[in-house]
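Numbers restart at 1 for each chain; the letters A, B, ... are given by sequence-line order, proteins then strands.
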Amino acid sequence: MGNYTVVVIDFETTGLSPNMGDRTIEVGAVLVSNNQIIDRFQSLMNPGMRISGFIESFTGINNKMLSSAPSISEVMGNLKTFIADHQLVAHNASFDLRFLDAEFNRINHKRKNEFACSMLSSRRIYPDAPNCKLETLVRFKKLKTDGTHHRALADAEMTAHLWMRLIEDIKETHGLKNVPFKLMQNLSKIPKNKVSEILMKARESAHSSNRAN
DNA sequence: TGCCAGGCCCTCTTTAGGGCCTT
């Protein structure tokens, strides 16, 4: 495995918290299968409110661009189709999932997709990285990038390359043939000092099932 | 009135505080 399909997703938003009235303004998502990006989804969204100067300069998305963009509900309907029942990945997933769930809730849809977080995984697998910001990890691991940051599709693509690299590095460093999604989720949930133990158990269990076969 | 994110994770911890990450 490691060849299973995931959707890597990233949102640009008006702020940090949907509970405080913040909305999504752009989504980028990529479908990753067999260790490559095989499909892409991107759209701006009109949040129905003016965005701050900070967000305009942070993202490069301005109020004029959003005034002619489709409504959030229209884009969410299309996003729902794109992600289907795939497992989800995001960098600092708790952030993107909060917005995804809040916007899905507004179109009366409830997410059932499981998710994993590339930031939490990176904290465990790359303890020597200067920090675990997406931009830093892309530089640290020399991942593919066109230099664009804080735009949804560019960030989703970089996160996808980070995700694929994480799986490759775990395979290589810990002698695993496969890195199931469940193992990536577990890595994100366990304490840092349990990482080696969990990966060793995964390898032992893979070896014993190989012997059984 | 003025303030308001939230979850993870480390440590001088667990009857708590503060930095990291996302926009």
P atoms of B/dA16 and B/dC3, separation to the nearest Å
25 Å
Residue pairs passing the salt bridge (Lys or Arg N to Asp or Glu O under 4.0 Å) test where at least one lies in residues 8-24 of chain A, sequence neighbours excluded:
A/Arg23-A/Glu103
Would you please name every residue forming a side chain to side chain donor-acceptor pair (under 3.5 Å) with A/Glu114, sequence neighbours left out?
A/Gln185
Scan residues 100-114 of chain A against DNA chain B and write down, sorted by residue number, each residue with any heavy atom closer than 4.0 Å; if none is found, say none.
none
DNA chain B contacts made by residues 61-72 of chain A, counting heavy atoms under 4.0 Å
none
Output a table of nitrogen or oxygen pairs between the protein and nucleotides 20-23 of chain B separated by less than 3.5 Å.
from   : atom 1 : to       : atom 2 : distance (Å)
B/dC20 : O2     : A/Arg123 : NH2    : 3.4
B/dC21 : OP1    : A/Cys132 : N      : 2.7
B/dC21 : O2     : A/Asn92  : ND2    : 2.8
B/dT22 : OP1    : A/Leu134 : N      : 2.8
B/dT22 : O4'    : A/Asn92  : ND2    : 2.9
B/dT23 : OP1    : A/Asp155 : OD2    : 3.4
B/dT23 : O3'    : A/Glu12  : OE1    : 2.7
B/dT23 : O3'    : A/Thr13  : N      : 3.1

Can you list everything that forms a salt bridge (Lys or Arg N to Asp or Glu O under 4.0 Å) with A/Arg50? Sequence neighbours excluded, please.
none
May I ask you to list the residues sharing a hydrophobic cluster with A/Phe82, side-chain cutoff 4.5 Å, ordered by chain and number?
A/Val7, A/Ile9, A/Phe11, A/Leu16, A/Val27, A/Leu31, A/Ile38, A/Phe41, A/Met45, A/Ile72, A/Val75, A/Met76, A/Leu79, A/Ile83, A/Leu88, A/Phe95, A/Leu97, A/Phe99, A/Leu100, A/Phe104, A/Ile107, A/Phe115
Could you measure between the two C1' atoms, the one in B/dG17 and the one in B/dC12, and give it in whole Å?
11 Å
Identify the heavy atoms of A/Pro47 and A/Leu66 that sit nearest to each other, and give their distance.
CD-CD1, 4.0 Å
How many whole angstroms separate atom CZ of A/Phe115 from atom P of B/dG6?
15 Å
With sequence neighbours left out, the residues meeting salt bridge (Lys or Arg N to Asp or Glu O under 4.0 Å) with A/Arg151 are A/Glu26
Checking A/Arg111 now: which residues fulfil side chain to side chain donor-acceptor pair (under 3.5 Å) with it, not counting sequence neighbours?
A/Asp101
Could you tell me how far B/dT23 sits from B/dG6 if I compare only their C1' atoms? Round to whole Å.
13 Å
Is it the case that more than 12 heavy atoms not belonging to A/Lys80 sit under 6.0 Å from its NZ atom?
no
Contacts of A/His150 meeting ring pair (Phe, Tyr, Trp, His ring centres under 6.0 Å) (sequence neighbours excluded), chain-then-number -> A/Phe58
When the C1' atoms of B/dG18 and B/dT14 are considered, how many whole Å apart are they?
16 Å
Go through the structure and list residues passing side chain to side chain donor-acceptor pair (under 3.5 Å) with A/Asn108, not counting sequence neighbours.
none
Using side chain to side chain donor-acceptor pair (under 3.5 Å) as the criterion, list what pairs up with A/Glu157, not counting sequence neighbours.
A/Arg40
For the C1' atoms, the ones on B/dT13 and on B/dC8, what distance do you get once it is rounded to whole angstrom?
15 Å
